[in-house]
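Below, chains carry the letters A, B, ... as their sequence lines are ordered, and counting in each starts from 1.
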Number of protein chains: 2
Amino acid sequence: MISQKSKYALRALLALAARPGGEPMLISDIAEQEVIPRKFLEQILLDLKRAGLVASRRGKAGGYLMLRRAETVTFGEVLRLIDGPLAPLPCLSKMAYRRCGDCANENACKLRKVFARVADATRDILDTTTLADVLQAGVTSLPVEI
Amino acid sequence: MISQKSKYALRALLALAARPGGEPMLISDIAEQEVIPRKFLEQILLDLKRAGLVASRRGKAGGYLMLRRAETVTFGEVLRLIDGPLAPLPCLSKMAYRRCGDCANENACKLRKVFARVADATRDILDTTTLADVLQAGVTSLPVEI
DNA sequence: CTTTAACCCGACTGAACCACTATGCTTGTT
DNA sequence: AACAAGCATAGTGGTTCAGTCGGGTTAAAG
């Protein structure tokens, strides 16, 4: 299960990325439009800013805006930023590898072999799907079910 | 990340499934062999027993034994039993569906579309890989790296 | 028939994490 | 100078994790 916070982060980023001309959007407006608790969103956006995904402008007509292009921001990157490693086992994380502690010889570990396949499969999807991909989908495609 | 408890459960099941003739194995022996805290393992095995995966015999020469054949027990089943739904979003779980609360129209939800692909991919692996599969692998294959 | 060795079961605990909320501060525009 | 926007830290109530504790109950051996 991905966290609520990650869901909020992704939705906020999609809202910003959908802005024409990349103009800034107020926290409050994002919060209202996407139904996210205002103050919680504030600290999520701070995280995204510290990571360099978005920028902010203060004062009147300020707000948050996309700093990187939507085509370059993957779901995987956002999830790692908020939730930490995607890998189902610490010993499978490429970004935050940790030994499992219990299993002695790692490349004989039977569990690891299975979960490595899971990790690869999810990485294949999450690290190749960008914000732009899902925005496009929204514009061009009809609902799957009527 | 899968829980420590699930890892223990899978390792314990593999230990039992590897037993020749399906003879019972003491909790203490499993605990020692697989490096699992004794009392914690005890309650894990109870869960597995209540779910009908294993059986127990009391008294002298008792212990736990496999109740179902290793070919019929998938990783997915065990993980769901211990950790709950595999799905990354509650609205994607086939076993324990719950609406997302925030997103209004579910089949227009952009996040859902992406995570549905993740959910399918992991199910494809975890619901088709059985205990027998990884036991066989252990017998026949050499280590991947020397 | 009593002891012993096994499983059975509920309660508890300390640490961490989640999803927020509160409060104040800084900074840029008007 | 006033106001409005973001910046930042601390706190909070609830839940989960990863066990531990202390006692049951049951079956076989002596």
Side-chain angles (χ1 to χ4, degrees), chain A residues 1-12 16 23-32 34-65 67 79 81-85 88-90 98 100-102, chain B residues 1-12 16 23-32 34-67 79 81-85 88-90 96 98 100-102:
Chain A
M1 289 278 181
I2 73 170
S3 71
Q4 193 67 12
K5 194 172 175 184
S6 283
K7 272 194 278 183
Y8 289 158
L10 286 168
R11 292 226 306 265
L16 289 181
E23 59 175 315
M25 195 173 173
L26 295 181
I27 293 187
S28 303
D29 291 346
I30 305 174
E32 190 177 352
E34 300 294 333
V35 196
I36 303 174
R38 165 76 220 271
K39 288 300 258 178
F40 196 25
L41 177 58
E42 215 171 283
Q43 69 181 220
I44 291 168
L45 286 169
L46 271 192
D47 288 344
L48 297 177
K49 181 189 164 167
R50 278 192 269 260
L53 297 186
V54 300
S56 64
R57 276 214 282 271
R58 295 193 181 211
K60 200 78 179 290
Y64 274 92
L65 50 120
L67 194 53
L79 289 175
L81 192 62
I82 306 286
D83 280 351
L89 294 176
R98 279 184 301 116
C100 260
D102 25 25
Chain B
M1 289 280 180
I2 73 170
S3 70
Q4 193 67 11
K5 195 173 174 183
S6 284
K7 271 194 278 182
Y8 289 158
L10 286 168
R11 292 228 305 269
L16 290 182
E23 58 175 316
M25 197 172 171
L26 294 182
I27 293 185
S28 304
D29 290 347
I30 305 173
E32 190 177 353
E34 300 295 331
V35 195
I36 303 173
R38 164 76 221 270
K39 288 297 260 179
F40 196 26
L41 176 58
E42 210 169 296
Q43 69 181 221
I44 292 168
L45 287 170
L46 270 190
D47 289 343
L48 296 177
K49 181 189 164 165
R50 280 191 266 261
L53 296 186
V54 300
S56 65
R57 276 216 281 271
R58 295 193 179 206
K60 204 76 178 295
Y64 275 91
L65 49 119
M66 217 57 193
L67 195 52
L79 289 174
L81 191 63
I82 305 287
D83 280 349
L89 295 175
R98 278 184 302 116
C100 261
D102 25 24

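Atom CG of A/Leu45 and atom P of D/dC7 are 9 Å apart (whole Å). Rounded to a whole Å, the CD atom of B/Gln4 is 19 Å from the P atom of D/dT16. Between B/Asp29 atom CG and C/dA5 atom P the separation is 14 Å, expressed in whole Å. If you take CZ of A/Arg38 and C1' of C/dT23, they are 14 Å apart, rounded to a whole angstrom. Summarising the geometry, the separation between CD1 on B/Ile44 and C1' on D/dT20 is reported as 13 Å, rounded to the nearest angstrom. Summarising the geometry, the separation between CZ on B/Phe40 and P on D/dA18 is reported as 6 Å, rounded to the nearest angstrom. Between B/Ile82 atom CD1 and D/dG19 atom P the separation is 14 Å, expressed in whole Å. Atoms CG (B/Leu41) and P (C/dC9) sit 16 Å apart, rounded to a whole Å.
Put simply, A/Ser56 has a side-chain N or O that comes within less than 4.0 Å of OP1 or OP2 on D/dC7. Between B/Ser28 and the phosphate of C/dA6, there is no side-chain N or O to OP1/OP2 separation shorter than 4.0 Å.
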- [ ] Apply side-chain contact (heavy atoms from CB on, under 4.5 Å) to B/Leu45 and B/Ile30, showing your working.
- [x] CA-CA 10 Å; B/Leu45 287 170; B/Ile30 305 173; 4.2 Å; yes
Open item on the list: side-chain contact (heavy atoms from CB on, under 4.5 Å), that's the test. Do A/Leu89 and B/Met1 meet it? Break it down for me.
Closed with: CA-CA 6 Å; A/Leu89 294 176; B/Met1 289 280 180; 5.6 Å; no
Task: Test log, rule side-chain contact (heavy atoms from CB on, under 4.5 Å), inputs B/Leu65 and B/Met25 - done: CA-CA 6 Å; B/Leu65 49 119; B/Met25 197 172 171; over 6 Å; no
Pairs under 3.5 angstrom only: tabulate donor-acceptor contacts from the side chains of residues 46-57 of chain B to other protein residues two or more places apart or in another chain.
| residue | atom | partner | partner atom | Å |
| --- | --- | --- | --- | --- |
| B/Asp47 | OD2 | B/Lys5 | NZ | 3.4 |
| B/Lys49 | NZ | B/Ser56 | OG | 3.1 |

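For B/Glu23, the side-chain contact (heavy atoms from CB on, under 4.5 Å) partners two or more places apart in sequence, or in a different chain, are B/Arg19, B/Pro20. For A/Glu42, the salt bridge (charged side-chain N to carboxylate O under 4.0 Å, His left out) partners at least two apart in sequence or on another chain are A/Arg38, A/Lys39. Qualifying side-chain contact (heavy atoms from CB on, under 4.5 Å) partners for B/Asp83, counting only residues two or more places apart in sequence or in other chains: B/Ile2, B/Ser3, B/Ser6, B/Leu79.
Surrounding CD of B/Glu32 are at most 12 heavy atoms belonging to other residues, nucleotides or ligands under 6.0 Å away.
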Return the polar atom pairs (N/O with N/O) between nucleotides 8-12 of chain D and the protein under 3.5 Å, or none.
| residue | atom | partner | partner atom | Å |
| --- | --- | --- | --- | --- |
| D/dA8 | N6 | A/Lys39 | NZ | 3.3 |

Listing time: all N or O pairs from protein to nucleotides 27-30 of chain C that are below 3.5 Å?
| residue | atom | partner | partner atom | Å |
| --- | --- | --- | --- | --- |
| C/dT27 | O4' | A/Arg58 | NH1 | 2.6 |

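Judged purely by atom type and a 3.5 angstrom limit, A/Arg98 has no side-chain atom pairing as donor or acceptor with the backbone of A/Pro90.
Map A/Tyr8 and B/Ile27 each onto its nearest nucleotide of DNA chain C; the residue landing nearer the 5' end is B/Ile27.
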